[in-house]
**Student:** 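Quick one: structure below, then a few questions.
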2 protein chains.
Amino acid sequence: MSKCEQCIVRQLNSLKTLTAKELSKISACKTTRIIKKGETLFDEGDHINGVFCISAGICKVSKMSANGREQIIHLVNKGDFLGERSLINDDVANLKATAIHDMEVCFIPRDEIIDDLKQNPEFSMSVLKDMAMSLKNAHNLIVDMAQKTVKQRLAEMLLSLDKKFGHNRDSNLDIHLSREDIANIIGTATESAIRLLSEFKREEIISLKGKNISLLNVPKLKKIAQGF
Amino acid sequence: MSKCEQCIVRQLNSLKTLTAKELSKISACKTTRIIKKGETLFDEGDHINGVFCISAGICKVSKMSANGREQIIHLVNKGDFLGERSLINDDVANLKATAIHDMEVCFIPRDEIIDDLKQNPEFSMSVLKDMAMSLKNAHNLIVDMAQKTVKQRLAEMLLSLDKKFGHNRDSNLDIHLSREDIANIIGTATESAIRLLSEFKREEIISLKGKNISLLNVPKLKKIAQGF
DNA sequence: CGATTGCTTGACCCCCATCAATCCTCGTGG
DNA sequence: CCACGAGGATTGATGGGGGTCAAGCAATCG
């Protein structure tokens, strides 16, 4: 099994603040799992008892609403942590994590992380910063959900997908989402999302080839997201 | 000026984990302000450079959306902190805080808190827990905003106001919000909120006397919030 | 006691949820 | 290699929720 010390994604998250000693301790007790596209990493109500560190792949983090529809809260890229919230509050999972592309994740058991949090102020400060940043993002999302139209939210989502996950030479977004997932991110019905995507396509703001989406007119998208 | 050591609200937040020494240091450098109803404590973009501890009163925490409407993210009661997010990320304020009832707040300058965060693991763990809990609440709010109807959100809000701020002998809610604030919490137009309040009144689920609201039929409200 | 602000109700219309039908795509097995 | 079935994608039709404008009404304040 590969070691944390040699893992590239370690540089991307709070683990970078750990000492060599702390890191090798974690490396010794971590376990690695492969999660195929569509499989769930954990579900609402699960006792996670640790945190996951995504070493490859992308997953969606979502929650079921009372009316039975899934709301995607955010998308998690490689290098990110998953499950810290539950760990810190000693709580069951509030959200569900499902692989969108095939993933490789490392699981670090609870006690190991808690020890480091209590003993390494730099590490706990870094986790605190991550959490604070997540909170800011969540607050901004609340405002968008409450105040923006579906069209605005779709435009904004496309821009943020491009920013977070990038695109290839043909300017196709590197992330592949189903129409349903797109709808569940912006909080609308699948048909509404599809309709707006076609509208964007007709107006040559984006192009659609199967699951490939490419942004043809970013400035226009930005204007739409702002409400014009 | 009164001292933190004798302040009752200290027991309600993370300050309770501080040692006597740390607390008296904070007590020595804090400043106290009175904020009248309607006045703002800080605005989006402000450099706060510290945290506020609410010793009395209630305030709303909100953000302007692109279309010029205010979205209230949450309400803050006495005993809560304000501004930790900005402090931890070394960022300007992302939100605006406005007094809803007259307030007394204590301001603790940045460096003082940062020192304690780095040196007292119990304190930083407590702040981390608060932040994690806020994040959970924010996530749940995102789902509600995206998936529930305005009617459901109004019912839910009334229940949570009752839970968080309580009510007096006549079962009138202790918190007094304008119709506009109510609308800005649930993310709708003022007229829509008013219309639904009248509907609840007609069905004798609540009663309205000026700014006094009392919940007459809590079970019914819970059903409405769940979508029946 | 004007005047300003907040509250309430009516009218109108558009966005979007929902239901339904069709088309497309892709994996599977014959 | 093709047929076929199943799930996803697309488009149409329809109705209701809720945003917006406008006009009275109540209340608060200098």
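Source: prediction; values computed, not measured. Below, chain A is the first sequence line, B the second, and so on; all start at residue 1.
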**Student:** Rounded to whole angstroms, how far apart are CZ on Arg69(A) and C1' on dT18(C)?
**Tutor:** 9 Å
**Student:** Given atom CD of Glu180(A) and atom C1' of dA17(C), what is their separation to the nearest angstrom?
**Tutor:** 15 Å
**Student:** I need the CD1-P distance between Ile186(B) and dG18(D), as an integer number of Å.
**Tutor:** 9 Å
**Student:** Does Ser192(A) place a side-chain N or O at less than 4.0 Å from the phosphate oxygens OP1/OP2 of dA17(C)?
**Tutor:** yes
**Student:** Is it true that atom NZ of Lys78(A) has more than 12 heavy atoms of other residues, nucleotides or ligands lying nearer than 6.0 Å?
**Tutor:** no
**Student:** To the nearest Å, how far apart are Gln152(B) CD and dG17(D) P?
**Tutor:** 12 Å
**Student:** State, with a plain yes or no, whether a side-chain heavy atom of Ile35(A) is found less than 4.5 Å away from one of Val105(A).
**Tutor:** yes
**Student:** Quick one: do the Ser55(A) and Glu104(A) side chains pair a donor with an acceptor below 3.5 Å?
**Tutor:** yes
**Student:** If I take atom NZ in residue Lys201(B) and atom C1' in nucleotide dT9(C), what distance separates them, rounded to the nearest angstrom?
**Tutor:** 13 Å
**Student:** To the nearest Å, how far apart are Gln147(B) CD and dG17(D) C1'?
**Tutor:** 16 Å
**Student:** Taking atom types as they are modelled, would you say the side chain of Arg195(B) forms a donor-acceptor pair with the base of dG19(D) within the 3.5 Å cutoff?
**Tutor:** no
**Student:** Taking CG from Asn67(B) and P from dG18(D), how many angstroms apart are they, rounded to a whole number?
**Tutor:** 17 Å
**Student:** According to a strict under-4.0 Å criterion, is Ser198(B) in side-chain N/O contact with OP1 or OP2 of dT9(C)?
**Tutor:** yes
**Student:** Tell me whether the side-chain N or O atoms of Glu191(B) pair up with the base of dC21(D) as donor and acceptor below 3.5 Å, since no angle test is needed here.
**Tutor:** yes
**Student:** For the side chain of Thr188(A), starting at C-beta, report the closest nucleotide among dT20(D), dA17(C), dA9(D).
**Tutor:** dA17(C)
**Student:** Of all the nucleotides listed (dG18(D), dT11(D), dA22(D)), which has the minimum atom distance to the side chain of Thr149(B)?
**Tutor:** dG18(D)
**Student:** Hey, does the side chain of Thr190(A) come within less than 4.0 Å of dG8(D)'s phosphate (OP1/OP2), counting only N and O?
**Tutor:** no
**Student:** In terms of the angle between their ring planes, are Phe52(B) and Phe42(B) parallel, tilted or perpendicular, with boundaries placed at 30° and 60°?
**Tutor:** parallel
**Student:** To the nearest Å, how far apart are Leu154(B) CG and dG19(D) P?
**Tutor:** 12 Å
**Student:** Is any side-chain N of the basic residue among Asp90(A) and Lys129(B) closer than 4.0 Å to the acidic one's carboxylate O?
**Tutor:** no
